[in-house]
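Take a look at the structure below.
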2 protein chains.
Amino acid sequence: MATGGRPGGEPGKRRPTSKDVAAAAGVSRSAVSFAFNDPARISEATRERILAAARELGYVPNAVARMLQAGQTKSLGVLLPQNVAKVMENPYYARFLLGVGQVCDREGFTLLLTPPLRDSMLKAIPYAAVDGFVVCGLETDRGEVEELRRRGIPFVLVDSDAAEGAPSVDVDDRNGAREAVEHLLQLGHRRIAVLSIDPGPTVATVGYRGSLSRRMAGIAEGLSGAGMTMNDVELLEVPCTRAEGYRATGAVMAGRAPTAILALSDVLAIGAVDALHELGLRVPGDVSVTGFDDLPEASWLRPRLTTVHQPIAAKGRLAAELLVSAVRGEDQHPHQVLGTALMVRDSSGRAPAPGGTGTRTRR
Amino acid sequence: MATGGRPGGEPGKRRPTSKDVAAAAGVSRSAVSFAFNDPARISEATRERILAAARELGYVPNAVARMLQAGQTKSLGVLLPQNVAKVMENPYYARFLLGVGQVCDREGFTLLLTPPLRDSMLKAIPYAAVDGFVVCGLETDRGEVEELRRRGIPFVLVDSDAAEGAPSVDVDDRNGAREAVEHLLQLGHRRIAVLSIDPGPTVATVGYRGSLSRRMAGIAEGLSGAGMTMNDVELLEVPCTRAEGYRATGAVMAGRAPTAILALSDVLAIGAVDALHELGLRVPGDVSVTGFDDLPEASWLRPRLTTVHQPIAAKGRLAAELLVSAVRGEDQHPHQVLGTALMVRDSSGRAPAPGGTGTRTRR
DNA sequence: CTGAAAGCGCTTACAG
DNA sequence: CTGAAAGCGCTTACAG
């Protein structure tokens with residue numbers, strides 16, 4: 001429904017209300033309501049008359065009024081860390097929303113996409129007509145979670161830092177990242193570039209947050225097994241798009257030219273592979289590439305991408321299920337962590353002979 | 001916000017209302033409202049007291065109540081032809097929603113995804129708290145558009161049959177499909193399979209609708225240039241997923257084995273290419289494949305997909321812009337048609353020597 | 001079987 | 001500068 005007085009189809013016509021229908025059918029507004037919601041309570045004749053009047057006037061009950069009265073919206077909000085366009089550009093979110101959508105479809109909820117308001121995810125809350133929020137990638141400091149909780153609105157945190165007691169769903173980012181590094185190290189790679197996701201401005205003041213911090217920790221852990229530290233890898237941080245992965249890879253290959261690129265998202269890895277091909281380099285012959293996410297696309301590509309699988313849709317599904325429970329006031333199962341797994345495919349291989357860009361064909 | 005009494009964070013705590021805040025701060029409810037919406041109207045001391053009380057109680061204004069009173073929701077609905085999970089599985093929609101999202105972000109609207117209710121797109125309308133709808137792929141018969149219009153809710157039709165007077169956005173499907181066929185015919189293909197999107201049950205009773213009907217017409221037109229008709233091609237209709245494209249291609253190659261597959265979506269085409277590779281067939285050496293949409297993925301793949309480009313994001317953007325105009329009661333610019341263009345890339349080539357599966361390597 | 005009344009939580013002219 | 005009152009459009013006990 002639309003609350004606005006101005007219609008699109010027939011300009012100038014105010015949307016009819018139950019009062020209009022009641023008048024047209026010569027009954028009370030309650031009778032109109034019953035005709036729609038509890039047909040058994042009125043005689044068939046009256047009901048037919050009301051429904052006919054409604055059809056005639058183009059009446060449908062106002063959704064907002066109904067929600068206010070019902071005290072529920074039957075709609076779930078997804079509080080996004082970026083604007084809608086950015087999110088939709090990222091296949092990761094399409095997959096995540098698929099999972100959330102499965103639950104919405106099954107439970108009869110509709111799905112509201114809520115981007116930050118004036119750069120704040122929390123500020124968007126009072127403008128969303130929903131029964132609760134799936135909060136994506138909130139860069140939590142305790143304050144924000146506390147604030148969420150104080151408002152008494154059901155919510156589930158995804159890809160954040162687990163805040164004690166707050167229902168949340170994560171994957172084992174640390175383990176996934178560690179496995180990816182170890183894989184590359186085992187293949188003999190020592191000059192590794194980490195193609196990471198731009199953590200935004202807050203990183204300077206508060207350090208890494210959420211999944212990114214766990215992945216960084218996993219990388220450090222993996223490196224330490226080979227006696228290396230984060231200082232021994234080249235770290236690039238870019239927005240999470242194929243184009244940026246492409247661009248950054250061009251830049252890094254023009255410089256210290258690693259033998260392996262460990263990307264923290266498949267989208268970035270895909271851009272990296274393209275850039276390497278464009279430079280006339282073979283993947284994995286000259287440079288190995290690993291991704292993170294295991295998007296469906298990762299195995300469509302040639303070479304098929306070696307990447308860290310995370311159950312994205314399942315994460316969305318679980319988050320939505322926890323949220324629906326919370327909305328219904330059922331018990332909470334606070335902190336859930338789903339597993340990751342390294343998928344070794346074709347984009348990673350042994351490091352080229354040590355010491356050398358020698359054999360490498362540069363266009 | 002959430003209207004529900006049951007919070008997720010602190011169970012049992014009723015959400016505070018402006019009345020609670022007013023009581024705590026010792027002022028009237030109007031004062032509370034002013035503190036949030038028109039701070040200049042009250043003294044700084046009072047305002048601070050109110051805001052402090054609100055913070056203390058975890059109060060945020062109820063979005064639904066606010067919408068009801070304002071007569072607008074600042075949110076746009078997308079009326080989907082399928083459930084949310086299905087839609088999110090289709091990269092076409094991700095791209096379309098990207099376009100819609102750009103406008104929402106810019107104009108400060110939030111985006112509600114509304115799947116059909118009991119198989120009816122129209123039935124979902126009275127449950128959506130939005131100012132208007134982008135209606136995707138409605139299988140219009142005049143009745144439904146008429147009903148939409150009578151309800152006085154702003155709407156814009158996308159990928160439907162243009163209904164006179166109803167604002168709508170389409171692409172030139174017919175031309176796109178015709179170009180794809182002509183391209184294959186020019187390359188010498190005569191045994192062509194059309195891998196089409198399952199039109200759903202209504203097709204039996206009312207024939208093809210919307211973009212699908214236009215694409216079919218374009219194909220027929222293209223074929224006629226070579227003295228062929230629809231009877232001379234093999235038509236397969238499957239749900240629009242990569243997996244179904246894969247499956248159908250396996251089936252069709254086991255049968256009459258065309259030299260070209262014209263898919264009516266990139267997702268299907270991608271599945272087709274995979275299936276052909278799996279069968280040990282070369283693309284385009286043994287079989288040519290063309291797609292429709294020109295998803296970003298189409299040019300990531302090897303071979304890069306020959307496909308019909310349609311400006312998906314632009315379509316979403318334009319639809320949302322028209323809708324926002326309608327919501328604001330501005331003038332309508334009814335029927336907009338965006339262009340398509342054949343992108344000839346690497347998945348299509350000359351038909352193999354006529355007459356023969358002879359040279360083909362079958363695993 | 002039907003109607004008058006209260007109330008969901010907010011905002012906003014209107015008085016003071 | 002602040003408060004009491006009406007109203008957004010609906011639903012639902014409660015009387016009749």
Side-chain angles (χ1 to χ4, degrees), chain A residues 1-6 14-23 25-50 54 57-74 125-129 131 151-153, chain B residues 1-6 14-23 25-50 54 57-74 125-129 131 151-153:
Chain A
M1 61 101 256
T3 356
R6 278 298 317 251
R14 184 178 60 75
R15 281 198 67 199
T17 70
S18 63
K19 201 167 159 187
D20 299 317
V21 178
V27 296
S28 73
R29 286 165 64 221
S30 347
V32 175
S33 178
F34 291 142
F36 281 88
N37 305 308
D38 194 1
R41 283 198 51 175
I42 53 184
S43 68
E44 181 163 343
T46 324
R47 194 193 325 141
E48 284 311 320
R49 193 150 37 91
I50 293 172
L57 293 169
Y59 169 79
V60 273
N62 180 305
V64 171
R66 196 181 236 178
M67 286 171 179
L68 179 61
Q69 139 69 35
Q72 62 168 22
T73 63
K74 281 302 244 171
I125 293 179
Y127 296 89
D131 293 335
R151 296 191 185 178
I153 302 170
Chain B
M1 60 103 256
T3 354
R6 279 296 318 253
R14 184 179 59 76
R15 282 199 66 200
T17 70
S18 63
K19 200 167 159 187
D20 300 316
V21 177
V27 296
S28 72
R29 286 164 64 221
S30 347
V32 175
S33 178
F34 292 142
F36 281 86
N37 305 308
D38 195 1
R41 283 198 51 175
I42 53 184
S43 69
E44 180 161 344
T46 325
R47 194 194 325 142
E48 284 311 321
R49 193 151 38 91
I50 294 171
L57 294 169
Y59 169 79
V60 274
N62 179 305
V64 171
R66 196 182 237 179
M67 287 172 178
L68 179 61
Q69 139 68 34
Q72 61 168 23
T73 63
K74 282 303 245 170
I125 293 179
Y127 297 88
D131 293 335
R151 295 189 185 178
I153 302 170

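Quick note on labels: first sequence line is chain A, next is B, and so on, each numbered from 1.
Lys19(B) places its NZ atom 14 Å from the C1' atom of dA5(D), with the value rounded to the nearest Å. We find that CD1 of Ile42(B) is positioned 9 Å from C1' of dT2(D), with the value rounded to whole Å. Here the C1' atom of nucleotide dG9(D) and the CG atom of Asp20(A) are 11 Å apart, to the nearest Å. Atom CD1 of Ile50(B) is separated from atom C1' of dT2(D) by 10 Å (rounded to the nearest Å). Going from atom CZ of Arg15(B) over to atom P of dC8(C) covers 15 Å, rounded to whole Å. When the C1' atom of dG9(C) is taken as reference, atom CG of Asn62(A) falls 15 Å away, rounded to whole Å.
Annotation: side chain of Pro39(B) is not in contact with side chain of Phe34(B) (no heavy-atom distance under 4.5 Å).
In this structure, Arg49(B) contributes its side chain and Ala25(B) its backbone to a donor-acceptor pair below 3.5 Å. With Asp131(B) contributing its side chain and Lys74(B) its backbone, the two residues share a donor-acceptor pair below 3.5 Å.
Rounded to whole Å, the separation between the C1' atoms of dG16(C) and dT12(C) comes to 16 Å.
Between the side chains of Ser43(A) and Thr46(A), a donor-acceptor pair is found at a separation under 3.5 Å.
Judged by the 6.0 Å distance and 45° axis criteria, Arg66(A) is positioned over the aromatic ring of Tyr127(B).
Shown here, dC1(C) forms a base pair with dG16(D); the pair counts as Watson-Crick or G-U wobble because both key distances fall under 3.5 Å.
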Legend entry - CA sep, side-chain torsions, deciding dist, call: Ile50(B), Ile42(B), side chain to side chain contact (heavy atoms under 4.5 Å, CB included): CA-CA 10 Å; Ile50(B) 294 171; Ile42(B) 53 184; 4.0 Å; yes

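Distances shorter than 4.0 Å separate none of the side-chain N or O atoms of Thr17(B) from OP1 or OP2 on dC8(C). Side-chain nitrogen and oxygen atoms of Thr46(B) include none within less than 4.0 Å of the OP1 or OP2 phosphate oxygen of dC1(D).
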Inset, instruction - Sugar-phosphate atoms are those with a prime plus P, OP1 and OP2; base atoms are the rest. Using that split, label each nucleotide of nucleotides 11-16 of chain D B, S or - for protein heavy atoms under 4.0 Å, 5' to 3'. - result: BB-B--

